Each structure stands twice: as C-alpha cells, then as structure tokens.
Trainee: 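Structure provided below as structure tokens; questions to follow.
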Protein chains: 2
Amino acid sequence: MGTKERRKREIEEMRLEIIEAAVQLFVTDGYENVSMRKIAQQIDYSATAIYKYFANKEEILIHLLKHGYAIFLTCLKEGVANCKSSHPGERLNALLYAYIDFGLKHPEYYRLIFVENLHQLQKVMTEEDDRVRGFVLLTEMVMAAMNEGVLKKHDAHMAAQSLWASLHGITSLLITFPDFHWHEKEGFIDFQVNAMIKGLT
Amino acid sequence: MGTKERRKREIEEMRLEIIEAAVQLFVTDGYENVSMRKIAQQIDYSATAIYKYFANKEEILIHLLKHGYAIFLTCLKEGVANCKSSHPGERLNALLYAYIDFGLKHPEYYRLIFVENLHQLQKVMTEEDDRVRGFVLLTEMVMAAMNEGVLKKHDAHMAAQSLWASLHGITSLLITFPDFHWHEKEGFIDFQVNAMIKGLT
DNA sequence: TTATTTTTGTTAACACTGTTAATCTATATT
DNA sequence: AATATAGATTAACAGTGTTAACAAAAATAA
C-alpha cells in the first residue's frame with residue numbers, strides 16, 4: 001500500500017508550505033521579522049507544529065539561504081550568458097558585473113547570505129553540483145582569462161579570492177551603507193571593476 | 001553649593017560604569033550576549049535602573065561603536081606613524097595595511113562597526129574632529145599620492161571609495177568566513193593590497 | 001473490525017529579550 | 001520639619017525560540 005509514500009509526500013508539502021511562508025515574510029518584512037510564531041500564523045498552524053517538520057529555526061534559515069543562493073547562481077549564469085562575446089576577458093567582466101547586480105537587485109538576500117550568514121555557506125552548498133558553485137565559476141573564468149593573456153599569470157585561486165573580496169566590498173558597502181555620499185553608482189561600479197581587472201593585469 | 005555639580009559627576013560616573021560593563025561583556029562574550037539584564041547584573045543594579053542613564057539599548061550600542069571607532073582611528077594613525085618613509089605611496093600603503101590589521105586584531109569591533117552597524121556610523125562620528133575621520137584620512141592620502149604621481153589622477157574621492165571597498169571586502173571576508181580555504185593570509189593580503197594600488201596606477 | 005501503537009497538532013510553560021508603569025525610598029529644596 | 005524631586009526596585013507586557021504534557025487522528029496489529 002502506498003500510504004507510506006503519500007505521507008512522505010504530505011510531509012514534503014508541509015515543509016514546502018512552511019518555507020514558502022518564511023520566504024514571503026522574509027522578502028516583505030525582512031529577516032529580523034521572521035519568527036516561528038509569525039510563520040505559523042501565516043499557514044494557520046500553531047508555532048510548535050513547525051518543530052515536527054524542522055528541528056529549529058536555523059534549519060528554516062538554511063532553506064532561505066539555499067533559496068537565495070539559487071537566485072544568486074541564476075543571476076551569475078544569466079549575466080555571463082547575456083554576454084555575446086566569447087572573449088574570456090569580456091566574459092569575466094560580465095561575471096563581475098552580474099555579482100554586483102545580484103546584490104543591488106536582491107539586497108535582502110545578499111545581506112542574508114554574504115553579510116550575516118557567510119559561515120553557513122558550506123551547509124547551503126553541500127548538495128549543489130560542484131561545477132555551478134559561485135567561487136568555482138569565478139576561478140574557472142579567471143583561469144581562462146589568464147590562459148588568453150587577459151590577466152597576468154598569478155595563482156588563479158588567489159586572484160579569484162582577490163576579485164571576490166573586492167566585489168564583496170563594493171556590493172556590501174553599497175547595500176549596508178546606502179546613505180553614504182557615494183560617487184554616482186554606475187560610474188563607481190565601472191571604476192571599481194576596471195581597477196580590479198587592471199590590478200591583475 | 002556644588003551639590004548639583006557633584007550629582008552631574010555622579011551621573012557621568014554611573015554612565016561610565018554601565019558602558020564599561022557593556023564593553024567587558026562585549027569583548028568576552030560577543031555582542032549577541034550583551035543584554036540589559038546582564039549589564040545590570042555586572043554592576044549590581046536592577047535592569048531598569050539603566051534606563052535612568054540611557055534611553056535604550058541602542059544608546060549603549062552607540063557607545064560601544066564609539067569605543068571601537070576610537071581604537072580603529074588609533075590603529076590607522078599608528079600604522080602610518082610607524083611608516084618611516086615620507087613618500088606618499090609608502091604612507092598610503094601603510095594605511096591600507098593598518099586598516100586590515102585593525103580588522104584582524106579586533107574582529108569583534110570590526111564586525112560590530114563595519115558589518116553590523118555601518119548605518120549608524122554618522123551617529124558615531126558626529127562629535128569627532130573632521131580631520132581624523134577614517135575616510136577623510138584615506139582621501140587625503142590618496143590625494144597626496146596622486147599629486148606625487150604615485151597614483152593616476154582620477155577623482156580622488158572615487159579612488160578612495162574604491163580602496164575602502166576593496167579593503168572592507170578582504171577584511172570582512174577573512175573575519176566572517178575564517179573557515180574558507182583562503183590562500184595563506186599574509187600572502188593574500190599582500191596580493192590584494194598590491195592589486196588595489198596597481199588598479200589605480 | 002477492533003485494539004493498540006504511532007504520529008500530528010495543540011496548549012501551557014520555561015527562560016530569555018527590551019521596555020514601561022507603579023511604587024517605595026532616599027535625597028534635595030522650601 | 002514638611003514637601004517635592006530624583007533614584008532604584010519590583011511587577012508586568014509583549015515579544016522571542018523551544019520543550020513538555022497531552023489530546024486527537026491516523027496507521028498498524030490482532
């Protein structure tokens with residue numbers, strides 16, 4: 001009898017309902033306003049019912065992070081795909097812009113993943129295919145750019161880490177300190193990306 | 001009669017006692033474990049007594065931030081002072097290293113100021129002398145380096161913002177993601193600082 | 001089908017959090 | 001000495017994540 005299968009599916013449906021409610025609360029009210037009681041209220045259950053489907057709030061956070069990280073990877077891949085050129089330098093450039101764009105388009109997710117919960121990133125990515133993980137993507141494109149002579153031949157891993165650092169710097173500062181007297185945004189981003197590339201040339 | 005003066009001093013002493021307790025809790029247990037009740041316990045008062053001296057917890061946080069920011073500025077100034085050379089390029093270099101060093105030596109403070117509460121920075125600095133504020137210091141040294149031909153003559157403000165972004169990137173990533181497979185720290189920092197400078201040359 | 005066991009959800013409760021109101025006490029002013 | 005003011009305390013409110021005890025419903029065994 002498939003009763004066991006059905007229950008398994010029902011449990012998965014309930015888990016989905018819970019994280020959907022959590023996502024909705026997160027995008028509308030921000031993470032600081034996602035409480036177990038509010039999630040429960042949204043799906044007409046008691047707060048403690050959730051604990052039959054998730055061990056604790058952290059498990060729900062992990063799902064929010066996975067959700068956001070999937071959007072992140074999509075943005076990166078789209079950004080590179082939208083780059084017509086097949087030149088490694090151009091494609092790397094497109095990736096760098098795509099990273100910053102993700103942050104500016106999804107500031108709550110960027111904050112949640114890269115500012116507040118970076119130490120959890122391992123847990124978020126364990127089930128992902130290695131080849132689509134963000135940093136691997138970046139490293140591969142750095143290597144390609146080096147092989148084509150666009151970048152000077154350093155240690156590709158270190159160069160990629162340096163690029164990530166600079167990308168994270170401008171993205172997180174623009175997001176977490178919007179009231180600072182920043183230079184006009186587009187121009188500032190262009191300047192930073194150019195400086196980053198030039199620094200490795 | 002100086003009774004009014006004495007009370008004023010006593011109030012200031014009590015405020016000091018409170019923020020000292022808060023600082024101590026912060027450096028030993030981390031900010032997430034600084035609660036009003038724990039501060040009160042440490043100085044043998046009831047939790048609500050604090051509210052006669054501080055409007056709310058945020059006011060105490062501001063003092064923690066000021067405390068940390070003072071250490072930050074001291075580190076920057078010491079870093080530059082310890083640089084024997086009078087060459088603007090060398091001095092700028094020393095400032096960049098001093099910034100990262102502050103983050104690595106005082107990760108809790110770096111996190112509190114530049115990761116979690118950057119939006120409060122205005123409140124932290126309002127009473128400071130303009131000329132010692134961190135970003136102004138950086139901008140001035142960038143200008144000096146430009147005038148000496150060490151850096152290419154861009155908009156100095158934008159160049160300084162770009163440097164800050166890259167500094168914040170590497171510092172915050174090293175702090176908030178210590179378990180990542182970073183390149184050997186010293187070498188990575190050297191690489192990043194060199195790339196930053198080269199990017200603006 | 002009936003009896004038993006397991007699972008699912010609810011309410012009550014615990015130990016916290018920041019903060020406000022009411023109250024008592026010690027000091028200062030008239 | 002009587003009154004007003006300021007200081008400190010306890011009780012309480014509205015939250016938080018989470019655990020325990022218990023009722024109802026569903027799955028399994030007889």
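Note that this is a predicted model, so its numbers are computed, not measured. Letters A, B, ... are given to chains in the order of the sequence lines, protein chains preceding strands, and every chain is numbered from 1. Quick note: numbers below take in every heavy atom, side chains included, and nothing from hydrogens, waters or symmetry partners.
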Trainee: Please report, rounded to the nearest Å, how far the P atom of D:dA6 is from the CE atom of B:Met14.
Mentor: 17 Å

Trainee: Measuring from atom CG of A:Leu112 to atom OH of A:Tyr109, what distance do you get when rounded to the nearest 0.5 angstrom?
Mentor: 8.0 Å

Trainee: Please state whether the rings of A:Phe72 and A:Tyr69 are parallel, tilted or perpendicular, taking 30° and 60° as the class boundaries.
Mentor: tilted

Trainee: Output the rounded distance in Å from CD1 (B:Ile18) to P (D:dG7).
Mentor: 12 Å

Trainee: From B:Met36 CE over to B:Ile18 CD1, what is the distance, rounded to the nearest 0.5 angstrom?
Mentor: 8.0 Å

Trainee: Tell me, for nucleotides 12-24 of chain D in 5' to 3' order, what letter each nucleotide earns: B for a base near a protein heavy atom under 4.0 Å, S for only sugar-phosphate near one, - for neither?
Mentor: B---BBBB-----

Trainee: Shortest non-hydrogen contact from A:Ala22 to A:Ile60?
Mentor: CB-CG2, 3.8 Å

Trainee: Salt-bridge test for B:Glu12 and B:Arg15: reply yes if a basic N is under 4.0 Å from a carboxylate O, no otherwise.
Mentor: yes

Trainee: Parallel under 30°, tilted from 30 to 60°, perpendicular over 60°: which one fits the rings of A:Phe54 and A:His63?
Mentor: perpendicular

Trainee: Expressed as a whole number of angstroms, how long is the span from B:Glu10:CD to D:dA6:P?
Mentor: 14 Å

Trainee: Separation of A:Lys8 atom NZ from D:dA27 atom P, in whole Å?
Mentor: 16 Å

Trainee: Between residues 21-29 of chain B and DNA chain D, which residues have a heavy-atom gap below 4.0 Å?
Mentor: none

Trainee: Just how large is the angle between the end axes of the helix from C:dT1-D:dA30 to C:dT23-D:dA8, five pairs per end, to 10 degrees?
Mentor: 20°

Trainee: Walk me through it: do B:Ser166 and A:Gln192 pass the test side-chain hydrogen bond (donor to acceptor under 3.5 Å, both in side chains)?
Mentor: CA-CA 9 Å; B:Ser166 300; A:Gln192 172 77 340; 3.2 Å; yes

Trainee: Which class fits the ring pair A:Trp182 and A:Phe177: parallel under 30°, tilted 30 to 60°, perpendicular over 60°?
Mentor: perpendicular

Trainee: I'd like to check the ring-ring contact (aromatic ring centres under 6.0 Å, His included) partners of B:Tyr110; sequence neighbours left out, ordered by chain and number.
Mentor: B:Tyr99, B:Phe114, B:His168

Trainee: Please confirm whether the backbone N or O of A:Met158 pairs with a side-chain atom of A:Ser162, one donor and one acceptor, at under 3.5 Å?
Mentor: no

Trainee: Output the rounded distance in Å from CD1 (A:Ile39) to C1' (C:dG9).
Mentor: 17 Å

Trainee: For B:Tyr45, which residues count as a ring-ring contact (aromatic ring centres under 6.0 Å, His included) partner, sequence neighbours excluded?
Mentor: none

Trainee: Just the atom pairs and distances: protein N or O near nucleotides 24-26 of chain C's N or O, under 3.5 Å.
Mentor:
none

Trainee: Between A:Lys57 and A:Tyr31, is NZ or CZ placed under 6.0 angstrom from the six-membered ring centre and within 45° of the ring axis?
Mentor: yes

Trainee: Taking only the side-chain heavy atoms of A:Tyr53 (C-beta and beyond), determine which of C:dT8, D:dG7, D:dT9 contains the nearest atom.
Mentor: C:dT8

Trainee: Salt bridge check: are B:Lys123 and B:Glu58 linked by an N-O gap of less than 4.0 Å?
Mentor: yes

Trainee: B:Ile11 CD1 to D:dT5 P: how many Å, rounded?
Mentor: 16 Å

Trainee: CG of B:Asp44 versus C1' of D:dT9: gap in Å, rounded?
Mentor: 14 Å

Trainee: Side-chain donor-acceptor pair under 3.5 Å between B:Tyr51 and B:Asn56, yes or no?
Mentor: no

Trainee: Please report the distance, rounded to the nearest Å, between CD1 in B:Ile50 and P in C:dT20.
Mentor: 13 Å

